[in-house]
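Below you'll find the structure, written out as structure tokens, and then a few comments.
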Amino acid sequence: QKVKKDVRPDHVISVGDIIDLASVQVSRPSDPNIDSPIFELEKARKEIKILEKIFPKMQICWGNHDLRLLRKAELVGIPRSMLRDINSILEVKAKWTWHDKIIITLPNGQQVYFTHNFKRNAMSSSKELGVSFCQGHFHTALSCEFWSSPTALNFALNVGCLINPKAEAFRYQKNFLKRPILGCAAIIDSSPRLYSMLLNSNGKWLGKL
């Protein structure tokens, strides 16, 4: 809400992992200490209703966690045509659309490529594509780097995350040296800007940008 008020965006993009689906594991057994799929989904729907009010129109890049239901179905031979649409599962009433990638043309005529990426080096991906680049997935990365070509000044963004690092689903990273960085980014008049969520010593947001 604070970022929306500050930026007043005309375009909103999520880089994925709207839900965790920690209870739906594909390659390993589910953790018995976390909520079952039914309870996790109920909690997710409540939070999504809040997010819908803030962003009634949003484009979303598929994240690896968002895809867990599909991957689980494929594992046991259930085709996509037999599955419900994810907006239906999450009871989304807003205008949310889901994409593998999103390419936006900025006011200065340059393009930005958005995706949920598995290559940590956003700069490398940006150079491979030859355009500005924005990625999610990496909880510990909030960064912006620039690189130039003869025709453009491009940027590469890692936009952090908005997880609750104390949630049981993230217990696996408790002893990691790197800590999650809570934040997001905005592109204003074709120029990127990072927003970090400043926390107090107890891990609570200070309420300011």
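Keep in mind it's a predicted model, so treat the numbers as computed, not measured. By convention here, the first residue in the shown sequence is residue 1.
The 12-atom threshold is not exceeded at NZ of Lys2, counting heavy atoms of other residues, nucleotides or ligands nearer than 6.0 Å. Heavy-atom neighbours of Leu206 CG from other residues, nucleotides or ligands within 6.0 Å: above the threshold of 12. Within 6.0 Å of the CG atom in Asn108, the count of heavy atoms belonging to other residues, nucleotides or ligands exceeds 12. Heavy atoms of other residues, nucleotides or ligands lying less than 6.0 angstrom from CZ of Phe39 number 12 at most.
Taking every heavy atom of both residues into account, Ser124 and Asn121 meet most closely at N-OD1, 3.0 Å. Here the closest non-hydrogen pair linking Leu157 and Leu194 is CD2-CD2, 3.9 Å. Annotation for Ala22 and Arg68: closest pair CA-NH1, 3.4 Å, computed over non-hydrogen atoms. Closest heavy-atom contact between Asn154 and Ser149: ND2-OG, 4.3 Å. Between His65 and Ile19, the shortest heavy-atom distance links the atoms CB-O, 3.3 Å. Of all the heavy atoms in Ser126 and Ser132, the pair that sits closest is OG-CA, 3.9 Å.
One finds no salt bridge joining Lys43 and Glu40 here, because no Lys/Arg side-chain nitrogen approaches an Asp/Glu carboxylate oxygen to under 4.0 Å. A salt bridge is defined here as a Lys NZ or Arg NE, NH1 or NH2 lying under 4.0 Å from an Asp or Glu carboxylate O, and Glu52 with Lys49 fails to meet this definition.
When hydrophobic clusters are built by joining Ile, Leu, Val, Met, Phe, Trp and Tyr residues whose side-chain heavy atoms come closer than 4.5 Å, directly or via intermediates, Ile104 is grouped together with Phe146. Linking Ile, Leu, Val, Met, Phe, Trp and Tyr whenever their side-chain heavy atoms come within less than 4.5 Å puts Leu142 and Ile13 in one cluster. Grouping the Ile, Leu, Val, Met, Phe, Trp and Tyr side chains by contacts below 4.5 angstrom, directly or via other members, places Val112 apart from Tyr195. Hydrophobic clustering, with ILVMFWY side chains joined whenever heavy atoms are under 4.5 angstrom apart, groups Ile181 together with Phe155. Under the 4.5 Å side-chain heavy-atom criterion for Ile, Leu, Val, Met, Phe, Trp and Tyr, Ile188 and Phe55 are members of distinct hydrophobic clusters.
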side-chain contact (heavy atoms from CB on, under 4.5 Å), that's the test. Do Arg71 and Leu21 meet it? Break it down for me. CA-CA 12 Å; Arg71 298 288 180 257; Leu21 287 176; over 6 Å; no
Check the pair Glu42, Arg45 against salt bridge (charged side-chain N to carboxylate O under 4.0 Å, His left out), reporting the backbone distance first and the verdict last. CA-CA 5 Å; Glu42 284 181 1; Arg45 285 169 174 165; over 6 Å; no
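The side chain to side chain contact (heavy atoms under 4.5 Å, CB included) test with Trp62 singles out one residue from Leu70, Leu67, Thr115, Ile18, and that residue is Leu67. Here the rule is side chain to side chain contact (heavy atoms under 4.5 Å, CB included) with Cys61, and of Ile102, Asp17, Asp66 only Ile102 fits it.
Within the structure, salt bridge (Lys or Arg N to Asp or Glu O under 4.0 Å) pairs that include any residue of residues 100-112 do not occur (at least two apart or interchain). Residues in residues 175-187 take part in no salt bridge (Lys or Arg N to Asp or Glu O under 4.0 Å) pair, two or more places apart or across chains.
Residues Ile103, Tyr113, Leu129, Val131 make up the rest of the hydrophobic cluster containing Phe133, defined by ILVMFWY side-chain heavy atoms closer than 4.5 Å, directly or through other members.
Here the CZ-SG distance, from Arg193 to Cys144, works out to 12.5 Å after rounding to the nearest 0.5 Å. Here CG of Asp189 is found 10.0 Å from CG of Leu106. Values are rounded to the nearest 0.5 Å.
Pro9 places a side-chain heavy atom less than 4.5 Å from the side chain of Lys4. Using a 4.5 Å cut-off on side-chain heavy atoms (C-beta onward), Leu51 and Met58 make contact. Contact of the Arg171 side chain with the Asp31 side chain is registered, since non-hydrogen atoms from C-beta on lie closer than 4.5 Å.
Residues passing the side chain to side chain donor-acceptor pair (under 3.5 Å) test with Asn202: none are found, sequence neighbours excluded.
Of the possible polar contacts, one joining the Lys72 side chain to the Gln25 backbone as a donor-acceptor pair under 3.5 Å is found.
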Extract all donor-acceptor atom pairs below 3.5 Å that involve side chains of residues 134-141 and protein atoms in other chains or at least two apart in sequence.
unit_1: Gln135; atom_1: OE1; unit_2: Asn117; atom_2: ND2; d: 2.7
unit_1: Gln135; atom_1: NE2; unit_2: Lys119; atom_2: O; d: 3.2
unit_1: Gln135; atom_1: NE2; unit_2: Arg120; atom_2: O; d: 3.1
unit_1: Gln135; atom_1: NE2; unit_2: Asn158; atom_2: OD1; d: 2.7
unit_1: His137; atom_1: ND1; unit_2: Asn64; atom_2: OD1; d: 3.2
unit_1: His137; atom_1: ND1; unit_2: His116; atom_2: NE2; d: 3.0
unit_1: Thr140; atom_1: OG1; unit_2: Arg120; atom_2: NH1; d: 3.4
unit_1: Thr140; atom_1: OG1; unit_2: Arg120; atom_2: NH2; d: 2.9

Under 3.5 Å, which donor-acceptor pairs link side chains of residues 83-92 to any protein atom two or more places apart or in another chain?
unit_1: Arg84; atom_1: NE; unit_2: Ser88; atom_2: OG; d: 3.4
unit_1: Arg84; atom_1: NH2; unit_2: Ser88; atom_2: O; d: 3.1
unit_1: Arg84; atom_1: NH2; unit_2: Ser88; atom_2: OG; d: 3.2
unit_1: Asp85; atom_1: OD2; unit_2: Asn87; atom_2: N; d: 2.9
unit_1: Asp85; atom_1: OD2; unit_2: Ser88; atom_2: N; d: 3.4
unit_1: Asn87; atom_1: OD1; unit_2: Trp98; atom_2: NE1; d: 2.8
unit_1: Asn87; atom_1: ND2; unit_2: Trp96; atom_2: O; d: 2.8

